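What follows is a set of notes on a single structure, which appears directly below.
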Amino acid sequence: MYILGLSFDYHDAAAALIHDGKVLAAAEEERFSRKKHDASLPKLAAQFCLDEAGITSSELDRVVFYENPFLKLDRILHASLSGYPKSLSYFNTTIRSWIRKSKIDVRTRIAEELGVPRSHVTSLTHHDTHAAAAFFCSPFDEATIVTLDGVGEYDCTTISHGQGNGFRRLQSVAFPHSIGLFYSALTAFLGFEVNEGEYKVMGMGGFGKPAMLDEFLNLFELHENGTYAIRQDCFNFLCPETVPYTPELVRWLGPPRKPETRLCLDGAHTGDDEVLDAKQSQHYTDIAASVQKCTEEVILHVVSKAVAQTGISNVCLAGGVALNSLANGRIKRELGCRLYVHPAAGDSGGAIGAALLSYYKMHPQAERKPLKTVYLGRAHDEAEILKAFQESYTRRYRKFADEDELVRVTAKHIADGAVVGWHQGRFEWGPRALGCRSILANPMRPDMKAIVNEKIKFREPFRPFAPAVLEERAHEFFEIGEIDSQFDPEYFMISVCDVCEDKKHLVPATTHVDGTARVQMVSAQSNPLYYKLIAAFGELTGVPVILNTSFNLRGEPIVNSPLDAIRTFEWSDMDYLIVGGYIVEKELGS
């Protein structure tokens, strides 16, 4: 039975295909369209999924949308009415968008765009698909499921008990009381783009102190059943035409940071325009640290109370807030939970959740098939690589004699200080580059963080980089605690831990200012070639760790095809590109 799951119409549209409960392929539309956070109906991603399975849309048994558009519109209408007459402009703009894009009749849109009968198309609810993505992809037969995001229909947070091939909701927090919207509002206040810059707040917070933690926590009322409420006087979640916060927040915290203004952080500067002095910079980094710490405390409250209700310490997380890797690390360390976080925890993950939930509703006795790999995207063969060389007029390339030479040469280049683009196999599911579409560098060089940030990625110097480490050597370098299985968040780069004190000097480029790192553990089973590369680097240097960041430039999606990789390589100061079995050097004079 083939089921296609779809998420779209807000941000990070995606498609995922399952066959008899097994995920065959999954990808975000932006990888194909090259539009960052593309929200359109994911025709290109859907076609990729069908091609990967070798089927056509006529062979699909069902297509499932990840939320209920009628409930979503109902919430928008209620929010608009509650804010009338100030909300009139927001109401008019939103309704026009829904009419223009036919967001209500999503079944007809899907049927027409994908060429399937309308009777084959159905929809579920947003947080149920998040819960399904988290639980059904996990290794647990029974678990406490927590979903946290901005808002889906009316829900912002849910607590459920998962067992077998189903789950039962126990608690929920309704809009506008949203930890996701709270974090996004402060993201906007700190000068970053909502739904894009939240991870920048995490990185920025490492330079500050949570001096305002108590004041931020006073905005929350935490309930014994794991739910919470947020004071609304500082926020404009109902009808945010301009910014999602109110003048009350500005009166409390002062003027918001202007986007792209430069921050003075240990001598590092960001942006291109106005420069903030050290005192102003410290003020904003303290806000970021306080917001992050407050968010962690609320998440810990929700998860701890949820575990107390179910009595199950296996925890599954999904929703955009579940990508908060600092909070995930604390859940494991402080609550002692076995934790699974869906690798694409945000809206894109709803595509897999929708397909799996639909399948298990129809087949409640079917065998569960946990998601054992995140490499669910498209791969490219040698013919496609050679065609990309021709289309890009690239001439300085050669083919490696074999895989051993590829690993040996690449490891030597990285050890010598080169920055390498790495394009191998099927690309990753979710927002993290996990060794198939990565930029790799030497973490032992203190200057490498600045080199990659400023000359390769063209982004803010305060952003940290992740260390990829051999799984059997991880405990030597990082205080990661107990690892239960290949499903732990450390394998997906969505949990932060401390760097071992006696190893910080060995990996300065991947150690954040606060002494932490967002680790990716790499196993020989999950990604054999990437594992061999890190091992070879370790043999050369004594440090089995490589700096890993996503293969893209600022404002662009992670690369998909060899041609994407070549163009990104040429537009940056990367030294080498390894694509398939080929190495590419910069053209002379470039």
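Remember, predicted model here, so these are calculated numbers, not experimental data.
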**Q.** Nearest heavy-atom neighbours spanning Ala327 and Ile299
**A.** CB-CD1, 3.7 Å

(Q) Ignoring hydrogens, what is the shortest heavy-atom contact between Arg437 and Glu428? Give both atom names and the distance. (A) N-OE2, 3.1 Å

Q.
If I compare all heavy atoms of Gln280 with all of Asp277, which pair ends up nearest, and what's the gap?
A. N-OD1, 2.7 Å

**Q.** Ionic contact status for Arg463 with Glu460, cut-off 4.0 Å
**A.** yes

**Q.** Lys532 and Glu403 ion-paired at < 4.0 Å
**A.** yes

Q. Taking 4.0 angstrom as the limit, do Lys35 and Glu30 come out as a salt bridge?
A. no

Q.
For a side chain to side chain contact (heavy atoms under 4.5 Å, CB included) check, start with the C-alpha distance between Leu577 and Val420, then their side-chain angles and the critical distance, and finish with the verdict.
A. CA-CA 6 Å; Leu577 168 64; Val420 175; over 6 Å; no

Q. Can you name the closest pair of heavy atoms from Asn527 and Cys436 and give their distance?
A. ND2-SG, 3.7 Å

(Q) Salt bridge check, Arg408 against Asp404: does any charged N sit closer than 4.0 Å to a carboxylate O? (A) no

Q.
Under 4.0 Å between a side-chain nitrogen and a carboxylate oxygen: does that hold for Arg426 and Glu52?
A. yes

Q.
Determine whether a donor-acceptor pair (N or O, by modelled atom type, separation under 3.5 Å) exists between the side chain of Gln520 and the backbone of Leu434.
A. yes

(Q) Under a 4.0 Å threshold between the charged nitrogen and the carboxylate oxygen, would Arg378 count as salt-bridged to Glu384? (A) yes

(Q) If you take the centroid of each ring, where Trp contributes its six-membered ring, are Phe207 and His512 closer together than 6.0 Å? (A) yes

Q.
If I compare all heavy atoms of Leu563 with all of Ser392, which pair ends up nearest, and what's the gap?
A. CD1-CB, 3.9 Å

Q: Apply the test side-chain hydrogen bond (donor to acceptor under 3.5 Å, both in side chains) to residues Tyr10 and Asn195: give CA-CA distance (whole Å), side-chain angles for both, the deciding distance (0.1 Å), then the verdict.
A: CA-CA 10 Å; Tyr10 184 45; Asn195 293 324; 3.3 Å; yes

Q: Test the Arg518-Phe465 pair against the cation-pi criterion, namely NZ or CZ under 6.0 angstrom from the six-membered ring centroid and within 45° of the ring axis.
A: no

Q: Assess Lys43 against Phe32: is NZ or CZ under 6.0 Å from the centre of the six-membered ring, and within 45 degrees of the ring's axis?
A: no

(Q) Determine whether Glu28 and Ser348 satisfy the following criterion, side-chain hydrogen bond (donor to acceptor under 3.5 Å, both in side chains), listing intermediate values before the conclusion. (A) CA-CA 7 Å; Glu28 293 181 345; Ser348 57; 2.8 Å; yes

(Q) If we ignore hydrogens and angles and just use 3.5 Å, is the side chain of Trp422 paired with the main-chain N or O of Gly435 as donor and acceptor? (A) yes

Q) Between Ile352 and Ala16, which heavy-atom pair has the shortest distance, and what is it? A) CG1-CB, 3.4 Å

(Q) Are His342 and His130, when compared by the centres of their aromatic rings, separated by less than 6.0 Å? (A) no

Q.
Could you walk me through whether Asp347 and Ser7 satisfy the side-chain hydrogen bond (donor to acceptor under 3.5 Å, both in side chains) test, starting with their C-alpha distance in whole Å, then the side-chain angles of each, then the deciding distance to 0.1 Å, before giving a yes or no?
A. CA-CA 7 Å; Asp347 276 13; Ser7 63; over 6 Å; no

Q.
Classify the ring geometry of Tyr582 against Phe389: parallel below 30°, tilted from 30° to 60°, perpendicular beyond 60°.
A. perpendicular

Q: Quickly, which of Leu547, Asn442, Ile546, Thr549 forms a side-chain contact (heavy atoms from CB on, under 4.5 Å) with Thr510? Name it, please.
A: Leu547

Q: Decide, yes or no, whether a salt bridge links Glu454 with Arg459 under the criterion of side-chain N to carboxylate O below 4.0 Å.
A: no

Q: Just do the side-chain hydrogen bond (donor to acceptor under 3.5 Å, both in side chains) check on Thr187 and Glu193 with the steps written out, would you?
A: CA-CA 7 Å; Thr187 296; Glu193 184 181 347; over 6 Å; no

Q: Look at Glu29 together with Lys36 and state whether they make a salt bridge at an N to O cut-off of under 4.0 Å.
A: no

(Q) Between Asp488 and Arg338, does any side-chain N to carboxylate O distance fall below 4.0 Å? (A) no

